[in-house]
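To keep things clear, I will list the structure first and then write my remarks on it.
The chains referred to below are lettered A, B, ... by the order of the sequence lines, with proteins before strands, and numbering in each begins at 1. Being a predicted model, the structure only gives us computed values, none of them experimental.
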Amino acid sequence: MCEACGLRADTPARILPRPLLAHSHMEHALRIREVTKRFGAHVAVDRLTLEVPKGCIFVFLGQNGAGKTTTIRMVMSIFKPDSGAIEVLGQPDAALVKDRLGYLPEEKGLYKKMKTAEIVAYFGKLKGMDPADADQKASALLTEYGLGDWLDKRCEAMSKGMGQKVQLLGTLIHNPDLVILDEPFSGLDPVNRDVMRDTILRMKREGRTVIFSTHVMEQAEQLCDRVMMIHKARLQFSGTLEEVKRGRDFGIVLHYDGDGTILPQTPGALRVNDHGKQAEIFLHPGADPQTALRWLVDKVRIRKFEHRAPTLHEIFVRTVDEANARLAKDGGARAQESN
Amino acid sequence: MASKTLLVARREFLENVRTKTFWLGILALPALLAISLGAGVVLAKLKETKSYAVLDLSQDGIGARIERAARTPDTKDMMQLLRGTGLPQKLQEIKAKYQDVTEPGTDGRDREMPDEMRRELQRAMLDIPASDFEKLMEHGSAATSSDKFEFVDLAELELADRPIEEQRKKLQELVEAKKLFAFFEIGADPLKRLDDFRYVSNNVTDSALRKNYDAAATSVVQKMRIEDAGIDARIARSLQEVVRFREQKLGAGGAAEDVKAGDKASKWAPVGFVYLLWIAIMTAAQMLLTNTVEEKSNRIIEVLLSSVSPLQLMAGKVWGIAATGMTLVLSWVACALLGVWMAPKLIPGLDLPLLDIIGDPLYLVSFVGYFLAGYLLYAAILVGLGSVTNSLKEAQNLLQPIFVILIVPLVSMLFLVEEPNGTVAKVLSYIPLFTPFTMMNRAGGPPEAYEYVLTSALLLVSIWLAFRAAGKVFRIGVLMTGNPPKLKEIVSWLRER
């Protein structure tokens, strides 16, 4: 029993009055404990433990094949974990709360011959919506998202961007409490990227939990409350942006004109990410940024100089490098032992 | 839970049934059948007239007699046959019964025959013993085919008074030049020898003309020889009489009764049903396969699986396509009934009571029931196959063994009609993959009640087992990408609990 509202903790969210949704009956929308999934000899997810608090935007980071999609599929109960436990919206099995989850897979498909309004409504009905409500809501949503003229058109007639919008609406039509979007920004033009971003933010405002995976670090950095990174089946870090960045080396962000090839010679430089007009320079521990600035002023024309915490991009790349180095070392050690 | 299966099924059904191509496909088969039947009738009428000449070497000119005999089929034999069947009396009775309604009206015009009378006439025709019916049909076809042959007199060819050698040479040239289809040579002394009767034609496949002439010449020569030998005509007729066993079967009470012409027709009816069954099952099962592969290859499957369980999805698809197939089958049945009802009205000469045969409840119920059972069994196999492949091309490769299996019911179709209760028929009935086709095929027999029970039980158990296996394969296969799994892997999935 919840002390705040007097309802049972497992009261289905869809019968709760809307304002109460934001009110937390359980601390977490998702809890993953020691979950492992193998496909034959390949370990796709290795002893993953993770908690996603309710009402936040949570980003899954990782290279292709790192284990993000497998994790998501286990959360959606499409795959069963080999070991460990997954608790979704307070239930030990996602199958029990399927109707309260929304899922947009990375590889998106539609029935080409179905009409847009029909397919959005169909996804709603599959989530247990009343058929009449689903039909009405589908038309309303499509109109709201600028596809009002396309209600009666077949999906095959739409552009890729419109198709992606239709898929997103099919994911959201039943007002899910937890939405999982696998690579939602991939293949979107800038306008539709904004639509996707606004949709994610709106869901957060409505008290829903949004998990999405992405390769676009800037997007993740701007949107997320919390972030985790998985590399080669293992969790590398997890927490708020602040927590993730805490304790990491600060770097120099430099906006410049001139020859960028000399940047790695900056006194005290450890790594340089040069983008041509802008560069991130990371210094050895203890190196003085002032010395570096003085040296740089002579070499290139500086438009902006900033000493700040590393970007998510930098953290991502460095984590991959470190993890690979560690794995190589472990592998080498094992090879030596076996010799 | 079940309602989600229903939602999936409904979508599958509507998606297929709503398309124009589906209805075109449904109508194409009856339309093609009707066209090919119609074309057959038209072609038979259009068949080229074949001209032939006769070179008569005999002294007393029997060529002319043979020609006359060939022109006018032996109506005496036919009449005798008919009298033996009792048909003429029956026709008279029916005519008398309906006299009041068929008599010309006051305006002197004939009145239309009432439907009831038409049916009675048809039934009387089908009640003729089957063996007599066959003979009558032979006579009938000889009579119609003789219209297609045109006799050309030698005088027309300006050969009448020429020496035999010249006539022969000229006729050979005409055959060579395709001006004549053939010519006959009547032997010099038919009373003594027949080995110099010749038929010369460059068409070696069409033997209808020769057979027609064989029969005519035989009857003329026999008559001549009888006269020559001074045998009494009555004795001769009795000597020439052909033995024909009266075909009988044991009826319900164990008493022997004549096999009716209608019985034969109804025995052949299952062949049509088996053929339709085969097409319907294949169409529906392939629809399911294509659909599964497409859903998998365009990745919509993952969205669906976030809302329904794999088994719900599979069941929904299977039932949705079952409903689609049922629409197909029932539409065909409706077309068949409509066709049988319409045909006599459109083509005046065609008055077959096929409606009674096709409308036989045993056939219709078997057809619908075996469609459903056969479809389900093949559906389980194909939905499993579809779930492990990534493209239609891959799926088609895996389909090949299934097609090899499916050739069996087609090949055995005609053979099984002749021996509906033979050993082969019985053995095939107990192989579940063949049960629907074989039992439909044997319906003319019909098989014993216990056979229906046993084979149906076996079929239902097989369907259940096939779906259990398909469920296990589908659950894993449907999310797999990359190379299709090896047989070993699939077996290991089947072993999973």
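- Ranked by heavy-atom pairs under 4.5 Å with chain A, the list B:L14, B:I301, B:V308, B:T19 is led by B:V308.
- In terms of heavy-atom proximity, B:I300 sits nearest to A:I119 at CD1-CD1, 4.4 Å.
- Atoms OG and CG, from B:S306 and A:D99 in turn, are 10.0 Å apart once rounded to the nearest 0.5 Å.
- No more than 12 heavy atoms of other residues, nucleotides or ligands lie within 6.0 Å of CD in A:Q136, so this atom counts as exposed by the packing criterion.
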*What do the steps show when you test A:E118 against B:R18 for salt bridge (Lys or Arg N to Asp or Glu O under 4.0 Å), and what is the final call?*
CA-CA 14 Å; A:E118 273 176 4; B:R18 261 200 324 210; 3.0 Å; yes
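- Counting heavy-atom neighbours within 6.0 Å of B:Y275 OH, excluding the residue itself, gives a total of 12 or less.
- Contact annotation: the side chain of A:Y103 never approaches that of B:V303 to less than 4.5 Å [non-hydrogen atoms, C-beta and beyond].
- Note on A:R73, A:K113, A:M114: by heavy-atom pairs under 4.5 Å with chain B, the leading option is A:R73.
- Residues B:V8 and A:Y122 share a closest heavy-atom pair of CA-OH, 3.5 Å.
- Between B:E295 and A:K112 there is no salt bridge, since no side-chain N of the basic residue sits under 4.0 Å from a carboxylate O of the acidic one.
- Contact record, A:K127 with B:S307: CE-OG, 3.1 Å, taken as the closest heavy-atom pair.
- Applying the 6.0 Å contact sphere to CH2 of B:W319 captures no more than 12 heavy atoms from other residues, nucleotides or ligands.
- Here the closest heavy-atom approach between residue B:L305 and residue A:I78 is recorded as O-CG1, 3.8 Å.
- To the nearest 0.5 Å, atom CZ of residue A:F39 and atom CD1 of residue B:I476 are 10.5 Å apart.
- Both the backbone and the side chain of B:E302 come within contact range of chain A, with heavy atoms under 4.5 Å apart.
- Taking OG of B:S309 as the start and NZ of A:K98 as the end, the distance is 6.0 Å to the nearest 0.5 Å.
- Heavy atoms closer than 4.5 Å to chain A are found nowhere in B:E294, neither backbone nor side chain.
- Looking at A:L101, there are no atoms closer than 4.5 Å to chain B (heavy atoms on both sides), in backbone or side chain.
- A 6.0 Å sphere centred on CZ of A:R38 holds no more than 12 heavy atoms belonging to other residues, nucleotides or ligands.
- The environment of B:R10 atom CZ is sparse: at most 12 non-hydrogen atoms of other residues, nucleotides or ligands sit within 6.0 angstrom.
- Note: A:P105 leads A:G128, A:P131, A:P105 in heavy-atom pairs under 4.5 Å with chain B.
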